[in-house]
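Everything numeric in this text was worked out from a predicted model, so none of it was measured. Just follow the structure's listing: the first ligand is 1, and inside any ligand the first atom is 1.
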Amino acid sequence: MIPVTRTFLPPLEDYMRQVARAYDNGWLTNRGELVKELEQTLCNHLHIRDGKVIAMTNGTIPLQIAVKVLGRGGEIITTPFSYVATTSSIVWEGCTPVFVDIHPDYLTIDETKIEAAITNKTTCILATHVYGNPCHVEEIERIAKQYKLSVIYDAAHCFGVKYKGKSIFEYGDVSTCSFHATKVFHTGEGGAIFCQDEDLCKKLFYSHNFGHDGPLAFHDVGVNGKMSELQASMGLAVLPFVDNILESRRKSATRYFELLQRKKVATLTLRNGVDWNYSYFPVLFSDEDALLKAEKAMQLDGILPRRYFYPSLNRLPYVSQVSCPVAEDIAGRVLCLPLYHSLTEEEQIQVVSHLP
Ligand SMILES: *Cc1c(COP(=O)(O)O)cnc(C)c1O
């Protein structure tokens with residue numbers, strides 16, 4: 001079988017060595033030594049200045065917390081082309097998603113259409129760097145400043161992505177990442193929030209720990225978004241391999257680009273200035289029928305690509321339905337091909353053989 005992705009498992013001894021530290025400490029959660037070390041190591045690895053990161057229990061809770069703190073029950077301008085968590089977090093926190101269509105090449109929110117969607121209830125822009133391809137961050141920043149809006153980036157796909165020389169996590173008021181087992185870097189389940197502003201960072205920190213301000217005092221209402229020492233153990237065991245993982249993904253992606261030159265599918269257009277992380281390999285078919293035919297042929301051959309992202313999120317049953325023609329068109333004909341650290345050339349040739 002050739003799945004869309006395979007979880008990278010570090011050598012068991014490496015994982016056990018980290019878990020043994022939690023045992024020795026007799027300490028499994030509440031921000032022990034391993035979570036703190038993981039945060040510090042991540043910042044060093046990603047060259048994040050000032051270390052403003054908070055590790056959390058998955059990649060959705062940081063989205064919910066950011067939406068709660070910055071969205072304040074208002075309207076949030078967002079993309080219809082992302083994983084469902086981007087939209088569901090908005091609705092879950094009692095805010096209203098306002099969908100703005102996407103750019104037909106970059107597949108990120110179309111920044112030229114954002115201003116027309118702003119009302120006096122708008123509080124935030126929540127956009128996704130889709131497949132690790134950055135949004136037009138400069139223009140989004142300009143709009144946010146002009147209209148006094150906050151910017152949250154769902155950067156779940158972006159581990160290791162740099163834009164114009166700095167980590168993509170350093171753009172926007174807040175960026176969130178997922179360390180789910182299917183992502184480029186993982187802690188089994190896990191995630192993090194990156195934040196530039198010290199006061200905002202404190203608010204987010206309180207929010208992820210019940211609002212605790214010491215054992216007996218409470219700063220404000222909060223939830224439990226803490227990462228455990230066991231999750232951090234996995235992260236610390238995976239992190240030393242992450243450069244190798246990215247390198248093998250780069251090789252596989254380069255090979256796909258070559259193999260696809262003679263095919264009638266289009267590949268992702270990356271924004272200028274991005275150091276990409278090869279997190280997904282989407283291909284665009286001429287239409288949905290062509291996609292379904294290729295997907296079927298692959299499944300019969302033991303290959304399991306995934307329709308990331310279908311349906312377009314403006315068609316979810318719990319949002320008010322608006323039309324986003326570009327996103328709906330793309331969602332109908334995009335398929336992510338298998339891409340992972342141990343994918344072989346033979347497997348890639350087999351995958352590509354089913355494409356028109
Ligand atoms: C994976 C993903 C999430 C959710 O992350 P979890 O860690 O699974 O909670 C959110 N947004 C996007 C775009 C994702 O791909």
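Those atoms of ligand 1 that come under 4.0 Å of a heavy atom in Gly190, given as number and element, are 7 (O). Per-residue contacts place Ala85 under 4.0 angstrom from the following atoms of ligand 1 (heavy atoms of the residue considered): 10 (C). Which parts of ligand 1 touch Tyr83 is read off a 4.0 Å heavy-atom cut-off, strictly below it: atoms 2 (C), 3 (C), 12 (C), 13 (C), 14 (C), 15 (O). Taking every non-hydrogen atom of Ser178 and a distance limit under 4.0 Å, the qualifying atoms of ligand 1 come out as 1 (C), 5 (O), 6 (P), 7 (O). Applying the 4.0 Å criterion to heavy atoms of Gly59 picks out, from ligand 1, the atoms 5 (O), 6 (P), 7 (O), 9 (O).
Residues Val151 and Leu70 do not share a hydrophobic cluster, defined by chaining ILVMFWY side chains whose heavy atoms lie under 4.5 Å apart.
Between Arg307 and Glu295, no side-chain nitrogen of the basic residue sits less than 4.0 Å from a carboxylate oxygen of the acidic one, so the salt-bridge criterion is not met. Comment: Glu141 engages Lys145 in a salt bridge, judged by a side-chain N to carboxylate O separation of less than 4.0 angstrom. The residues Lys203 and Asp199 are annotated as not salt-bridged, no charged nitrogen and carboxylate oxygen being separated by less than 4.0 angstrom.
Distances between N or O atoms of His180 and those of ligand 1 include no value under 3.5 Å. Geometrically, ligand 1 and Phe179 share no nitrogen or oxygen pair separated by less than 3.5 Å. Checked against a 3.5 angstrom limit, the closest N/O atoms of Thr128 and ligand 1 fall outside it. For the pair Asp154 and ligand 1, the shortest N or O to N or O distance falls below 3.5 Å.
Contacts between Thr60 and ligand 1 below 4.0 angstrom, taking non-hydrogen atoms only, involve backbone and side chain alike.
Using a distance-only test at 3.5 Å, with no hydrogens or angles considered, a donor-acceptor pair links the side chain of Glu229 to the main chain of Val35. Side chain of Asp220 to backbone of Ser207: no donor-acceptor contact under 3.5 angstrom is found.
In this structure, Ser82 counts as a contact residue of ligand 1, since one of its heavy atoms falls inside 4.0 Å of the ligand.
Among Val98, Ile152, Ile77, Leu126, the one residue that satisfies the side chain to side chain contact (heavy atoms under 4.5 Å, CB included) test with Ile90 is Leu126.
Counting heavy atoms only, Lys183 comes closest to atom 2 (C) of ligand 1 of the residues Lys183, His157, His186.
Not less than 6.0 angstrom separates the ring centroid of Tyr106 from the ring centroid of Phe81.
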